[in-house]
2 protein chains.
Amino acid sequence: MSGVPVPTIKYYLREGLLPAGVLTSPNQAHYDDEHLRRLRLVRALVDVGGLSIAAVREVLGAIDTRGDSLHNKLGAVQEAISEPGSVELNPLAVEDVRAFFERQGERKCVDVTESNVTHMLASALSAARSVGHDHFHELLDPYLEGLKIIAQADLEYIARRGSSDDVIEGMVVGTLIGDAVIKAVRRLAHAQVSRDVIGDGSDD
Amino acid sequence: MSGVPVPTIKYYLREGLLPAGVLTSPNQAHYDDEHLRRLRLVRALVDVGGLSIAAVREVLGAIDTRGDSLHNKLGAVQEAISEPGSVELNPLAVEDVRAFFERQGERKCVDVTESNVTHMLASALSAARSVGHDHFHELLDPYLEGLKIIAQADLEYIARRGSSDDVIEGMVVGTLIGDAVIKAVRRLAHAQVSRDVIGDGSDD
DNA sequence: CAGAATGGATAGCGGAACTCTCCGCTATCG
DNA sequence: CGATAGCGGAGAGTTCCGCTATCCATTCTG
């Protein structure tokens, strides 16, 4: 039904990404719509989000955990879907991040390695500096401006969902698929700019 | 000097990601700043952009190609840094993309598989539908609105660069590092929204 | 001059994500 | 009824990728 190869499903079962089916006999089990839904979620996280199997397990764990506040759950999920970034941090880049937070009136983020997200940001800015883009951090403010519009739309989209669980799942899906969509649309925008400004014709 | 292990550099040389040094004797070669710069670029593409070695080779090839218009080069580079997406396309999602293009007054994109970028977009929307997010495509317009601001900033940033080659390289670096930065900042915006709207305290 | 390092080439390693194989049993079709 | 295809479960095997390790003759370094 899902189009996923049977051995792959067996593998996911073993890895704990899917709950076991209800055994109706020693070698027959029943799987319902919830299994199918979960399987599709796993595939979406892997294919579109590029998450590792381990990260998917973490995310699912956070989704399934009960008895934590919505905000905390969202935080846990966000950490799970954010890779820290493997670049050695440049102190100047760390300072860029700190200054950015200060401009935005954030009192937090004394330590950039505290969260995967801030580490990711510092890591990206470090990489920029390592290839000679020392002023890349100046893009942070315009980026934030654009992303506020996007985050607002995300919020309204999420708010339409029903239960708290749906919100969490919607957050995960919306964030990861949103990342992919944003990536693609930004490239389209670049191509359009390239056509309009440079022209697709003769001059170089 | 780069901090990259010697055997890794040898590997990159073999893979054609770095040009050979100038031999001063049978087992001694000279590497200049250009080599170092190229090496750092490769690491940035791999670490921050998450590109495979093969994709890096493609990108470098496009950067180094001479005798093509800037616009075409940018197009080639953009294809190289955009993974097509491995999700089976949903016709409804393809239609979402088509409608989006029509709304934006684009006459192109009769075929969504024509470019990695449009394929990526259709792939992401297909994944959204497969997990029950049938209205995700409604986010395309607000996303574009936010991304226009971002693309404008990108353009101004790139325009400050000198030669045509610098523009290409700046485009690659700016796009990939920009992706990472955008991802991180969007998550920060989400966290902020989560704090403000839901509150980080007691209620669920 | 000893010892370390170099360019170049080949082979091997470790992790990740499947995929294969085997087993005994069971659903299904004609 | 019998033949055949398929299942659940578990271990082992495969493939790919990005490095590492080893080796060699030569050459730089202290």
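These values consider heavy atoms only, across backbone and side chains, with no hydrogens, waters or symmetry-generated copies. Nothing here was measured: the structure is a model prediction, and the numbers come from that model. Chain A is the first sequence line, chain B the second, and so forth, proteins listed ahead of strands; every chain is numbered from 1.
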Requested in this report: Name the nucleic acid region contacted by B:Pro26, choosing base, sugar-phosphate or nothing; use a 4.0 angstrom heavy-atom cut-off, strictly under.
Outcome: sugar-phosphate
Query raised in the report: Can you check whether B:Tyr12 has a side-chain N or O nearer than 4.0 Å to OP1 or OP2 of D:dG18?
Result: no
**Report entry** B:Gln28 vs B:Ala54, nearer the 5' end of DNA chain D by closest nucleotide
**Finding:** B:Ala54
**Report entry** Phosphate contact (D:dC28 OP1 or OP2) by B:Ser25 side-chain N/O below 4.0 Å
**Finding:** yes
**Report entry** Least distance between heavy atoms, B:Arg187 atom then A:Ile81 atom
**Finding:** NH2-O, 3.5 Å
Query raised in the report: Salt bridge or not for B:Lys183 and A:Glu83, using N-O below 4.0 Å?
Result: no
Requested in this report: Check whether any side-chain N or O of A:Tyr11 sits under 4.0 Å from OP1 or OP2 of D:dA10, and answer yes or no.
Outcome: no
Requested in this report: From the options C:dT19, C:dG7, D:dC7, select the nucleotide whose nearest atom is closest to the side chain of B:Ala29.
Outcome: C:dG7
**Report entry** Candidate nucleotides C:dA17, D:dC19, C:dG7, ranked by approach to the side chain of A:Ser52 - the nearest
**Finding:** C:dA17
**Report entry** Out of D:dT20, C:dT19, C:dA9, whichever nucleotide has its closest atom nearest the side chain of B:Lys10
**Finding:** C:dA9
Report task. Output the single nucleotide from D:dG6, C:dG8, D:dC19 whose closest atom is nearest the side chain of B:Leu23. Result -> C:dG8
Query raised in the report: In terms of side-chain heavy atoms of A:Arg14, which of D:dG11, D:dG8, D:dA25 is nearest?
Result: D:dG11
Query raised in the report: Can the ring centroids of B:His135 and A:Tyr157 be said to lie less than 6.0 angstrom from one another?
Result: no
Query - Distance test, side-chain N/O of B:Tyr31 to OP1/OP2 of C:dG7, below 4.0 Å - result: yes
